[in-house]
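Structure, as structure tokens:
Order of the sequence lines fixes the chain letters, A, B, ..., with proteins taken first and strands second; residue numbering starts at 1 for each chain.
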Amino acid sequence: MPELPEVEVTRLSFVGAISGARVLAVRMGKPLRWPLGCRLDRLFNQQVLGVGRRGKYLLVELSDGVLLIHLGMSGSLRFGQELPESGTHDHFDLVTSAGTLRLNDPRRFGAVVFVNKIGDPQAQKLLGKLGVEPLLDGFSPLAFYEQLHLRKTAIKQVLLAGEVVVGVGNIYASEALFLAGIRPTLAANRLSRPRVARLHGAIREVLARAVERGGSTLRDFSNADGQSGYFQLEAMAYGRAGLPCKKCAAPIKMIRQGQRATFYCPKCQKP
DNA sequence: AAAAGCCCCTGGATGC
DNA sequence: TGCATCCAGGGGCTTT
């Protein structure tokens with residue numbers, strides 16, 4: 001669920017409400033992917049200056065430090081003044097003067113990590129190798145082409161790896177490649193400049209559109225206000241194995257690439 | 001050094 | 001109804 005659009009939609013849904021608040025208490029449930037990295041009292045009385053995002057990481061900027069929050073596969077955040085009592089899958093509560101930010105994550109692939117600064121080794125280990133932000137100016141067709149030209153892995157897997165461009169997960173990789181008319185199995189370095197330019201546009205279009213639609217709610221994603229996303233209703237390829245392509249009616253194919261499902265139209269997406 | 005696999009964990013859907 | 005199997009939106013780490 002949580003790819004760039006879901007993370008961004010989540011961020012937008014609570015950044016305004018939490019900014020300026022002070023941390024009153026912290027509660028942790030079962031262990032997440034990594035330990036918090038500091039004592040709980042390190043956070044007390046700190047002010048939340050804002051909430052940023054880098055790829056699929058949320059960056060909760062405090063007056064003295066940063067909380068990196070990753071939603072993993074099944075994580076979602078809630079923010080509110082009167083949240084119910086913690087349930088089995090609520091593993092982190094940041095209680096602030098404006099309300100409580102709560103991470104719910106059944107599979108616990110998510111993480112909340114405190115670092116003193118974004119430049120610290122601990123933060124760089126997580127953020128250092130990340131590619132460019134697809135919705136910012138740094139993501140240009142030419143630079144994209146040059147990066148893709150260096151890799152002979154299948155384009156779908158290059159997108160997923162996040163080292164060239166961040167935020168494109170399993171759903172949006174399939175969707176962007178569909179929009180661009182590119183077969184997911186094609187080696188990245190075999191894409192022509194015009195096709196890379198198309199893919200560049202398709203990635204931006206699909207991610208921006210998904211943010212507008214509130215993300216994709218496949219199982220249980222919701223933003224920090226508890227609202228679902230609706231982009232999944234517009235999916236052209238993802239999750240549509242065997243169903244007719246919405247453009248040409250040929251049955252959508254599902255294959256496996258690196259243990260993940262890939263969906264594509266064998267007719268619209270050329271090798 | 002790039003690329004391919006292996007896991008972490010829980011719950012829901014499917015099949016017998 | 002019960003139990004086993006498979007699958008899932010991510011990504012760091014280990015192995016080739």
Side-chain angles (χ1 to χ4, degrees), chain A residues 1-10 29-35 37 53-58 68-77 87-92 103-113 121-131 147-177 184-190 203 206-207 210-211 213-223 228-235 237-242 254-263:
Chain A
M1 148 197 58
E3 304 182 30
L4 184 147
E6 290 73 29
V7 176
E8 181 64 6
V9 161
T10 297
K30 287 191 185 177
L32 294 164
R33 178 158 193 171
W34 298 296
R53 181 186 56 74
R54 180 72 179 98
K56 297 172 189 169
Y57 286 90
L58 284 171
L68 311 183
I69 301 180
H70 198 290
L71 301 178
M73 289 263 268
S74 58
S76 60
L77 289 173
T88 4
H89 301 308
D90 295 328
H91 302 304
F92 179 83
L103 174 67
N104 180 275
D105 186 3
R107 290 174 75 178
R108 293 191 282 126
F109 287 180
V112 181
V113 175
Q122 171 73 329
Q124 281 310 299
K125 201 175 93 183
L126 300 177
L127 308 177
K129 292 195 314 179
L130 296 183
Q147 285 295 309
L148 293 184
H149 204 66
L150 300 172
R151 328 210 169 206
K152 50 186 183 189
T153 314
I155 181 62
K156 156 89 176 335
Q157 294 180 267
V158 171
L159 293 179
L160 278 192
E163 292 175 4
V164 174
V165 58
V166 293
V168 182
N170 213 34
I171 297 175
Y172 301 110
S174 281
E175 292 303 303
L177 287 165
T185 47
L186 188 59
N189 63 357
R190 308 242 332 229
I203 289 170
V206 78
L207 294 180
V211 171
R213 301 267 73 202
S216 295
T217 296
L218 261 48
R219 270 194 184 76
D220 47 16
F221 169 74
S222 59
N223 69 17
S228 297
Y230 295 94
F231 184 83
Q232 71 281 2
L233 303 175
E234 300 178 12
Y238 185 83
R240 304 194 66 249
M254 178 176 95
I255 59 171
R256 227 155 241 296
Q257 291 180 286
Q259 351 274 97
R260 338 273 299 226
T262 299
F263 301 86

If I take atom CZ from residue A:Phe231 and atom CD from residue A:Glu6, how far apart are they, to the nearest 0.5 angstrom? 9.5 Å
The nucleotide from C:dG12, C:dA8, B:dG11 with an atom nearest the side chain of A:His89 is B:dG11
For A:Gly258, report the nucleic acid contact type (base, sugar-phosphate, nothing); a contact means any heavy atom under 4.0 Å. nothing
Would you mind reading off the distance between A:Leu58 atom CG and C:dG10 atom P, rounded to a whole angstrom? 15 Å
Determine the Euclidean distance between corresponding P atoms of C:dC6 and B:dC6; express it in Å to zero decimal places. 15 Å
A:Leu127 atom CG is separated from C:dG10 atom C1', nearest whole Å, by 15 Å
What is the pairing partner of B:dC9, taking Watson-Crick or G-U wobble pairs with both distances under 3.5 Å in any strand? none
Using whole Å, report how far CG of A:Leu159 lies from P of B:dA3. 14 Å
Say you draw a straight line from CD of A:Glu163 to NZ of A:Lys129; how long is it, rounded to the nearest 0.5 Å? 4.5 Å
Tell me whether the side-chain N or O atoms of A:Arg108 pair up with the base of B:dC9 as donor and acceptor below 3.5 Å, since no angle test is needed here. no
May I have the distance from A:His91 (atom NE2) to B:dT10 (atom C1'), rounded to whole angstrom? 9 Å
Please determine whether any donor N or O and acceptor N or O are separated by less than 3.5 Å between the side chain of A:Arg151 and the base of B:dA2. no
From the candidates B:dC9, C:dG11, C:dC7, the one with an atom nearest any side-chain atom of A:Lys56 is C:dG11
B:dC9 P sits how many Å from A:Arg33 CZ, rounded? 11 Å
Any A:Arg256 side-chain N or O less than 4.0 Å from OP1/OP2 of C:dA8: yes
Taking C:dA8, B:dG11, B:dC6 as options, the one with an atom nearest any side-chain atom of A:Gln259 is B:dC6
For A:Arg107 and C:dC6, give me the distance from atom CZ to atom P, rounded to whole Å. 16 Å
A:Ser174 side chain vs A:Tyr238 backbone, donor-acceptor pair below 3.5 Å: no
Has A:Arg260 got a side-chain N or O lying under 4.0 Å from the OP1 or OP2 atom of C:dG10? yes
What is the distance from CG of A:Leu148 to P of B:dA3, rounded to the nearest Å? 12 Å
Could you work out which one of C:dG12, B:dC8, C:dA8 sits closest to the side chain of A:Phe109? B:dC8
For A:Gly214 versus A:Phe221, what's the shortest heavy-atom pair and its separation? O-CE2, 3.6 Å
Mind checking if A:Lys129 touches a base, just sugar-phosphate, or nothing, with heavy atoms under 4.0 Å? nothing
How many whole angstroms separate atom CG of A:Leu71 from atom C1' of C:dG12? 17 Å
Between A:Gln157 and B:dA3, does any side-chain N or O lie under 4.0 Å from OP1 or OP2? no
Among the candidates B:dG11, C:dC13, C:dG10, find the nucleotide nearest to the side-chain atoms of A:Met73. C:dG10
Examine C:dG11: is either OP1 or OP2 under 4.0 Å from a nitrogen or oxygen in the side chain of A:His70? Give yes or no. yes
Taking any heavy-atom pair under 4.0 Å as a contact, classify A:Ala161: base, sugar-phosphate, or nothing. nothing
Hey, does the side chain of A:Tyr57 come within less than 4.0 Å of C:dG12's phosphate (OP1/OP2), counting only N and O? yes
Which residue, A:Glu3, A:Lys56, A:Arg54, forms the side chain to side chain contact (heavy atoms under 4.5 Å, CB included) with A:Val166? A:Arg54
Got A:Tyr172 and A:Leu4 here, is their nearest side-chain heavy-atom distance under 4.5 Å? no
